[in-house]
Amino acid sequence: MAMGRPRSVSLNCCTDCRQLNRLYEVNMTTGTSQNIRLLVDSLEFEAALALIATVGHPTAEVDYLHAFSLIQLKRDLAFALQLLERSEKGGFAPFWVKYMQAICLNNLGRRQDALVALSSALGIDDQHIGARKLARLWSLDIVRSHLPADSENIISTLEQLLTVQTTTPATAPAAMVHTDTGADSMATGDALMIAQLGNPRLFGDPLIPTLPLPAAGTGTVITASGLQPSRHPGLVAVCERLMGRRLRVLDLACGEGGLVLDFLLRGHRAAGLEGDELYRRRQNGQWRILPDHLHVGDLRAMTGGFGEDRFDLVIAWDILNKGPVAQLEGILRLVSDHFLAPDGLLLGWAPPGTDGDGTGVGWLSAAVAAGLCRRRPPVTSEELPGLPGLVPVFHSRPQAVPLVQQPHTPVRIVRSRNGLPALREEYRDDLPRVAVISVPKAGTYLVGHLLKTLGYIDTGAHAGVGGFDDYRGLPPEEAKRGGPHLARHIGLSELTRLVQGGQFLVGHISCTVGDRRDLDGFRKLLLLRDLRDAVVSHMRFLADAGRAVGQDWVKIPYGPERLVQYLRTAGHIYMQMVADVRPWLEVPDMLTVRFETLMGDHGEREAAATIKALSAHIGLQKTPPWDSIRGQVLGQPTKTWSGQRSRRDGLWTAEVESAFAALGGRELNVAMGYGA
């Protein structure tokens, strides 16, 4: 923190009380915080601590200066961490609080936790030189100590990535300067997170073309242009808001692969196609770390797609403005027939003023001939700038579901009693924030009700990809019905800033690099349940709540046949949510709570032990006996309670098991600690 040097006084003895009193008198008009700041800025930490001891009700700034002084003196570091947490809740200088938390944790020997705090600081200001240097040193130390002996490749890669400055060339076009945040390198914070995970194969389940890609021909290849930004996280945020789900993304003429990386870092599945072999040969941009996600081939000669995988978003920066219309029409038919999902979007750029409804020129008319039509989603020029002389244009199939079924509703913000923006006014500065992350139908709102019984405050937020559902003030029946009108389209990082001490949120939150970073500082609970019972409960919930209207399986009477059809038509969505949540099991600061244990299937003693462990994990000093709170929790009406516990008994036939196994249910169950 840049603190001004004191000009009116000069201290020679930091323990001289007379000088301390004189300083206090000289600067009385500037307030106590300024006096303490002057002492800290003069490196007079003992004097600062003496003055802090006279403060009856310290502000967030005083707490920070108190912690700063203790850290510099390497004294009472555990208490310094508490002061920094209190300062953070008070909203003082988020970057500096996180930065000093990292220094303090490092001094305590907690290097991995220090990396998490430092990563959060870089997420606020990724240009701070000191933080960048620490990021490089600490992340490489972690990599060297945790990766196998044959991992020198990823170490050398990180060394290169972390030493390249994230600047934009001064001669770049205006649109590129506006959108490019990474030039030719990975952002320091991103590389830090990869090092923190200690895994060069960070992104699983790559999207692979079904047929061998045709090699680039002798003519002009379809490749990225100089106008395409190497990174564009803003585009990711726009697409999350528009589509509100985990996306599958294809970047045509992906160049260095920066946009593919941006989507992967937010937990989406993404692939890139590039026509120029030079990118892969020279390992430009992200080709070093994303070899399974970036592919080289001649787009004009492709006849197939990516198997069963269809893309929610296909991006073509300015390649559709090149080449003859006949060639473009072939590419657009490939996109329409093999790449796009039924409600997927194609994003390209076109000359200003063209309507794209068949009367346009060039690729716009070719898009119509290929069975695509113009879409006009609510995207502003500030969110998605145009290329020089071009404007962004979205296309999709005519029968595609509208992007936004309900108008975007702003998030209702209140001021909590500590003066900070929040979802709820009530808060507790003696308790941490809590995130309940769950497999669907594993007791999400049961545990939420338990937290309220234990004194925590429900924010009413159910987090997901692209935003959260706002259940504040809704009766259980209305909340149970749900609906698009409850969606609020802000990112998890924005949502978590609205959660104060002693409050909790819930959600089926993916375990992505970005989401882990956004939940830094939360006490996290992971709720699991045997998937064979959970899918039965999910099927019943969708039908009872009216959330499956129009789906054929709902018309079948309750029984094994309905369950089979549910699994075959909607089961893949459920299993994908489970697959996204499951990696939280491997996160060190996570407490796992199993639905069966909480319900007493393993005996009262196990249930009571789980409640005790849960209470300690979320910061409670005392836990009420399980017998005294059991009746207040189990069987009580919640947003999703159906009135009875759903089980697979009488429903699980050989045909059901076959459909369950085909979705990968057996493997997921084993990975979560249940039987195959």
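Only a predicted model underlies this, so the values are computations on that prediction, with no experimental measurement involved. Values below: every heavy atom of this structure, side chains too, minus hydrogens, waters and symmetry copies.
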Apply side chain to side chain contact (heavy atoms under 4.5 Å, CB included) to T459 and F504, showing your working. CA-CA 6 Å; T459 60; F504 69 91; 5.9 Å; no

Do the side chain of [X] and the main chain of [Y] share a donor and acceptor less than 3.5 angstrom apart?
| X | Y | answer |
| --- | --- | --- |
| R647 | S537 | no |
| R582 | L668 | no |
| Q503 | Q500 | yes |
| R374 | S396 | no |
| R248 | A270 | no |
| E596 | R529 | no |
| S615 | I611 | yes |
| R310 | L340 | yes |
| R488 | L486 | yes |
| S658 | A654 | no |

Nearest atoms (heavy-atom pairs only) where [X] meets [Y]:
| X | Y | answer |
| --- | --- | --- |
| D469 | A487 | OD1-CA, 3.6 Å |
| L505 | I509 | CD1-CD1, 4.1 Å |
| P624 | I629 | CB-CG2, 3.7 Å |
| G307 | T210 | N-CG2, 2.6 Å |
| V581 | S438 | CG2-O, 3.7 Å |
| L531 | N669 | N-OD1, 3.0 Å |

If the threshold is 4.0 Å, N to carboxylate O, is there a salt bridge linking D589 and K524?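 A salt bridge links D589 with K524.
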
Short N-O contact, D533 and R648, less than 4.0 angstrom: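 Judged by the 4.0 Å cut-off on N to carboxylate O distance, D533 and R648 do form a salt bridge.
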
Contact list for residues 555-570, test salt bridge (Lys or Arg N to Asp or Glu O under 4.0 Å), sequence neighbours left out: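 For residues 555-570, and leaving out neighbouring residues, the salt bridge (Lys or Arg N to Asp or Glu O under 4.0 Å) pairs sorted by first residue read D552-K555, R568-E655.
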
Got a sec, which pairs hit salt bridge (Lys or Arg N to Asp or Glu O under 4.0 Å) with one end in residues 663-676, sequence neighbours left out? E657-R666

Find out whether [X] and [Y] are in side-chain contact, i.e. whether some heavy atom of one side chain is under 4.5 Å from a heavy atom of the other.
| X | Y | value |
| --- | --- | --- |
| I437 | L527 | no |
| H268 | V236 | yes |
| L347 | L235 | yes |
| L498 | P421 | yes |
| L519 | R433 | no |
| T653 | L563 | no |
| V593 | L526 | no |
| L346 | L313 | no |

Report the C-alpha separation of V249 and D312 in whole Å, then their side-chain angles, then the decisive distance to 0.1 Å, and conclude whether the side chain to side chain contact (heavy atoms under 4.5 Å, CB included) test is met. CA-CA 6 Å; V249 182; D312 304 291; over 6 Å; no

[atom1] of [X] to [atom2] of [Y]: how many Å apart, nearest 0.5 Å?
| X | Y | atom1 | atom2 | answer |
| --- | --- | --- | --- | --- |
| R523 | I618 | CZ | CD1 | 9.0 Å |
| H232 | L259 | NE2 | CG | 8.0 Å |
| C239 | F263 | SG | CZ | 4.5 Å |
| L345 | R397 | CG | CZ | 11.0 Å |
| M539 | Y566 | CE | OH | 8.0 Å |
| I208 | H293 | CD1 | NE2 | 7.5 Å |

Between L242 and V238, is the side chain to side chain contact (heavy atoms under 4.5 Å, CB included) condition met? List the steps. CA-CA 6 Å; L242 288 179; V238 169; 4.0 Å; yes

Residues D458, Y471; criterion side chain to side chain contact (heavy atoms under 4.5 Å, CB included); working and verdict: CA-CA 10 Å; D458 185 3; Y471 291 121; over 6 Å; no

Looking at residues at least two apart in the chain, or sitting in another chain, which of them share a side-chain contact (heavy atoms from CB on, under 4.5 Å) with [X]?
| X | result |
| --- | --- |
| D309 | L207, R269, F306 |
| A548 | L542, Q551, W553, V554 |
| E426 | R417, R424, I457 |

Contact list for residues 647-676, test ring pair (Phe, Tyr, Trp, His ring centres under 6.0 Å), sequence neighbours left out: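 Of all non-adjacent pairs touching residues 647-676, those that pass ring pair (Phe, Tyr, Trp, His ring centres under 6.0 Å) are W652-F660.
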
Ignoring hydrogens and geometry beyond distance, is a side-chain donor-acceptor pair present between Y574 and H508 at under 3.5 Å?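 The criterion, which ignores hydrogens and geometry beyond distance, is not satisfied for H508 and Y574.
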
